[in-house]
Amino acid sequence: METFLTKLFEKISHYEILNNIIPGSALCLILSYIGYPILEYNVWACIVICYLVGIVNSRFSSVAIEWICKKIHLIEWRDYESYNKARKERPFIATLQESANMYRAFISVFLISLCGYGLMKLSTKWTWLVQNGIWVLLVALLVLFVFSYRKQINKYVVKNIDEVNNNTLENAKE
């Protein structure tokens, strides 16, 4: 068992720990404290639940929190091509971005916690919410992951492919 856990933790990236596991665990603890029965399972199930909640939180922070912060001009933004170029010259920028993503994830933790608390209070008055909450949650998660998939493909995968192809074409011309 010890070697399994050691191998598992060796495969988990620093990014996964900072942006999925820790915020997911924090969110699970807060939601459990509020009254949602999230952590009432065995240890393995709780680990999986915390990780999955962390992934959902990370996607929400990436899709919604980042968008809101851009719209209200709370943050300045550069395109991904500029980020990649700067990261090649100054590799520590990736570490700074990782920290910024963790802060964004915790903004999401606190916002989701506040929403969870509000929904808990509303559910005492709105029986429809109690009866259909799982369907609302599933639709919200579906929409969230569709937008997350779109963002990942369009902003990162395609941009990197285009950047490599453009560099290849430029090098071929020289």
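Heavy-atom basis, side chains included; hydrogens, waters and symmetry copies ignored.
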Exercise. Is Y36 reachable from V130 through a run of hydrophobic residues whose side-chain heavy atoms are each under 4.5 Å from the next?
Worked result: no

I161 meets the side-chain contact (heavy atoms from CB on, under 4.5 Å) criterion, sequence neighbours left out, with V157, N165

Sub-4.5 Å side-chain heavy-atom contact between L138 and L142
no

Ignoring hydrogens and angles, write down the donor-acceptor pairs under 3.5 Å from the side chains of residues 22-35, residues two or more places apart or on other chains.
residue : atom : partner : partner atom : Å
S25     : OG   : I21     : O            : 2.8
S32     : OG   : C28     : O            : 2.9

TODO: Answer yes if L119 and V143 sit in the same cluster of Ile, Leu, Val, Met, Phe, Trp and Tyr residues linked by side chain heavy atoms under 4.5 Å apart, and no otherwise.
DONE: yes

| task | Group every Ile, Leu, Val, Met, Phe, Trp and Tyr by side-chain heavy-atom contacts under 4.5 Å, then state whether I93 and I75 land in the same group. | result | no

Q: Treat each ILVMFWY residue as a node, draw an edge where side-chain heavy atoms are under 4.5 Å apart, and state whether L129 and Y117 are in one component.
A: yes

Heavy-atom closest pair (R78 atom, E76 atom, distance to 0.1 Å) is NH2-OE1, 3.4 Å

In short, salt bridge (Lys or Arg N to Asp or Glu O under 4.0 Å) pairs touching residues 33-47 with sequence neighbours left out are none

When rounded to the nearest 0.5 Å, the distance separating CG of L96 from CG of N101 is 11.0 Å

The salt bridge (charged side-chain N to carboxylate O under 4.0 Å, His left out) partners of E89 (sequence neighbours excluded) come to none

Return all side-chain donor-acceptor pairs below 3.5 angstrom for residues 65-73, not counting sequence neighbours, or 'none' if the list is empty.
residue : atom : partner : partner atom : Å
E66     : OE1  : R104    : NH1          : 2.7
E66     : OE1  : K151    : NZ           : 3.3
E66     : OE2  : K151    : NZ           : 2.8

Item to complete: Answer yes or no: is there a side-chain heavy-atom contact under 4.5 Å between F145 and V56?
Response: yes

Distance col, row R87:CZ vs T95:OG1, nearest 0.5 angstrom, shows 10.5 Å

Tightest non-hydrogen contact, residues E98 and L18, listed as OE2-CD1, 3.6 Å

Pairs of donor and acceptor atoms involving the side chains of residues 106-114, under 3.5 Å and at least two apart or interchain, shall be tabulated with distances.
residue : atom : partner : partner atom : Å
S108    : OG   : N57     : O            : 3.4
S108    : OG   : N57     : OD1          : 2.7
S113    : OG   : V109    : O            : 2.7

message: For the backbone of L144 and the side chain of S148, can you confirm whether one donor and one acceptor N or O come within less than 3.5 Å of each other?
response: yes

Residues 75-97 vs ring-ring contact (aromatic ring centres under 6.0 Å, His included), sequence neighbours excluded, gives Y80-Y83, Y80-Y156

Applying side-chain contact (heavy atoms from CB on, under 4.5 Å) to A140 and not counting sequence neighbours gives none

side-chain contact (heavy atoms from CB on, under 4.5 Å) between C50 and L39, worked out
CA-CA 8 Å; C50 287; L39 298 177; 3.8 Å; yes

Residue set satisfying side-chain contact (heavy atoms from CB on, under 4.5 Å) with E81, at least two apart, ordered chain then number -> D79, E163

In this structure, OG of S58 is separated from CG of N19 (nearest 0.5 Å) by 5.5 Å

Next item on the list: Indicate yes or no: at least one non-hydrogen side-chain atom of I55 is less than 4.5 angstrom from one of Y51.
Entry: yes

Taken in chain and number order and not counting sequence neighbours, the residues that satisfy salt bridge (charged side-chain N to carboxylate O under 4.0 Å, His left out) with R90 are none

For K125, the salt bridge (charged side-chain N to carboxylate O under 4.0 Å, His left out) test, sequence neighbours excluded, returns none

Discussion item. In this structure, would V146 and V139 fall into the same cluster of hydrophobic residues linked by side-chain contacts under 4.5 Å?
Written reply: no

So CD1 of I47 and CG of L52: to nearest 0.5 Å the spacing works out to 12.0 Å

Y149 meets the ring-ring contact (aromatic ring centres under 6.0 Å, His included) criterion, sequence neighbours left out, with none

